[in-house]
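Encoded as structure tokens, the structure appears first; notes follow it.
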Amino acid sequence: SDAKTTACTAARQAFAAKHYAEAITQFTAAIQATRDADDDSHLLRNNLPAAFAAAGRNEEALAAARAALAIKPDFVKGHYRCALALLALERPQEAIDACDTGLADGSNEQLSALRKKCCEARPKEAAAPPVLATDGPAKAAAEPLPTGRPAHAPRDPGPPEHRAIRRAARRDRVWVG
């Protein structure tokens with residue numbers, strides 16, 4: 001429609017001029033003039049999270065990105081916008097999950113680079129808890145853990161098929177919980 005086209009043009013111009021509040025208003029107007037069944041509805045809805053993110057409104061960027069994905073769940077750029085918002089909200093593991101979902105159907109250079117950035121943003125493994133021992137570290141290391149194995153004993157790797165799955169996950173850099 002004409003209202004959609006006018007609002008969309010105004011929104012893109014406002015975004016380019018870094019007038020993000022106006023871009024948000026115009027993208028919202030364009031979305032309201034759009035039917036969800038329109039072929040390009042997901043594209044238009046995907047611009048709104050970019051405007052929210054540029055304005056520093058990351059919670060709203062995340063909600064808008066998820067709304068765009070609700071219309072077209074396999075839209076890679078939607079997963080990218082979602083992951084960007086999650087990373088800005090300091091939720092790197094959720095951002096990694098969003099990247100993985102977007103990468104499930106194939107590779108995407110931008111999304112892969114963002115996934116790497118999300119992995120780097122993850123907090124480092126928590127330091128081991130302090131060992132409580134009354135007779136020194138040697139005794140503490142030999143005391144069994146709550147699992148029944150001594151602290152220095154290796155973890156049971158499980159059956160061969162589980163080891164193969166974990167090895168494949170490490171090779172493919174897939175996070176397995």
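Atom set for the values below is all heavy atoms of this structure, side chains included, hydrogens, waters and symmetry mates excluded.
- Nearest approach of Ala55 to Tyr20, heavy atoms of both residues: CB-CB, 3.8 Å.
- Using a 4.5 Å heavy-atom cutoff, the side chains of Leu43 and Phe75 are in contact.
- The line from CG of Leu69 to CZ of Arg66 is 9.0 Å long, rounded to the nearest 0.5 Å.
- Contact check for Leu44 versus Phe27: side-chain heavy atoms found under the 4.5 Å cut-off.
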Distance-only donor-acceptor pairs under 3.5 Å for side chains of residues 101-108, two or more places apart:
| from | atom 1 | to | atom 2 | distance (Å) |
| --- | --- | --- | --- | --- |
| Thr101 | OG1 | Asp97 | O | 2.9 |
| Asn108 | OD1 | Gln110 | N | 3.1 |
| Asn108 | OD1 | Leu111 | N | 2.8 |

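- Using a 4.5 Å heavy-atom cutoff, the side chains of Arg57 and Ile24 are in contact.
- Proximity of Cys99 to Ser112: side-chain heavy atoms (C-beta onward) are nowhere separated by under 4.5 Å.
- By the criterion of side-chain heavy atoms lying less than 4.5 angstrom apart, applied directly or through intervening Ile, Leu, Val, Met, Phe, Trp or Tyr residues, Leu114 is grouped together with Val76 in one hydrophobic cluster.
- Residues passing the side chain to side chain donor-acceptor pair (under 3.5 Å) test with Gln13, sequence neighbours excluded: none.
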Cut-off 3.5 Å, no hydrogens considered: what does the side-chain donor-acceptor table look like for residues 78-91, sequence neighbours left out?
| from | atom 1 | to | atom 2 | distance (Å) |
| --- | --- | --- | --- | --- |
| His79 | NE2 | Pro73 | O | 2.7 |
| Arg81 | NE | Asn46 | O | 3.2 |
| Arg91 | NE | Glu94 | OE2 | 2.9 |
| Arg91 | NH2 | Glu94 | OE1 | 2.9 |

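- Looking at Asn47 and Arg12, their side chains come closer than 4.5 Å, going by heavy atoms from C-beta outward.
- In this structure, Ala23 and Ala14 approach most closely via the heavy-atom pair N-CB, 3.6 Å.
- With respect to Lys72 and Asp74, a salt bridge is recorded, a charged nitrogen being found less than 4.0 Å from a carboxylate O.
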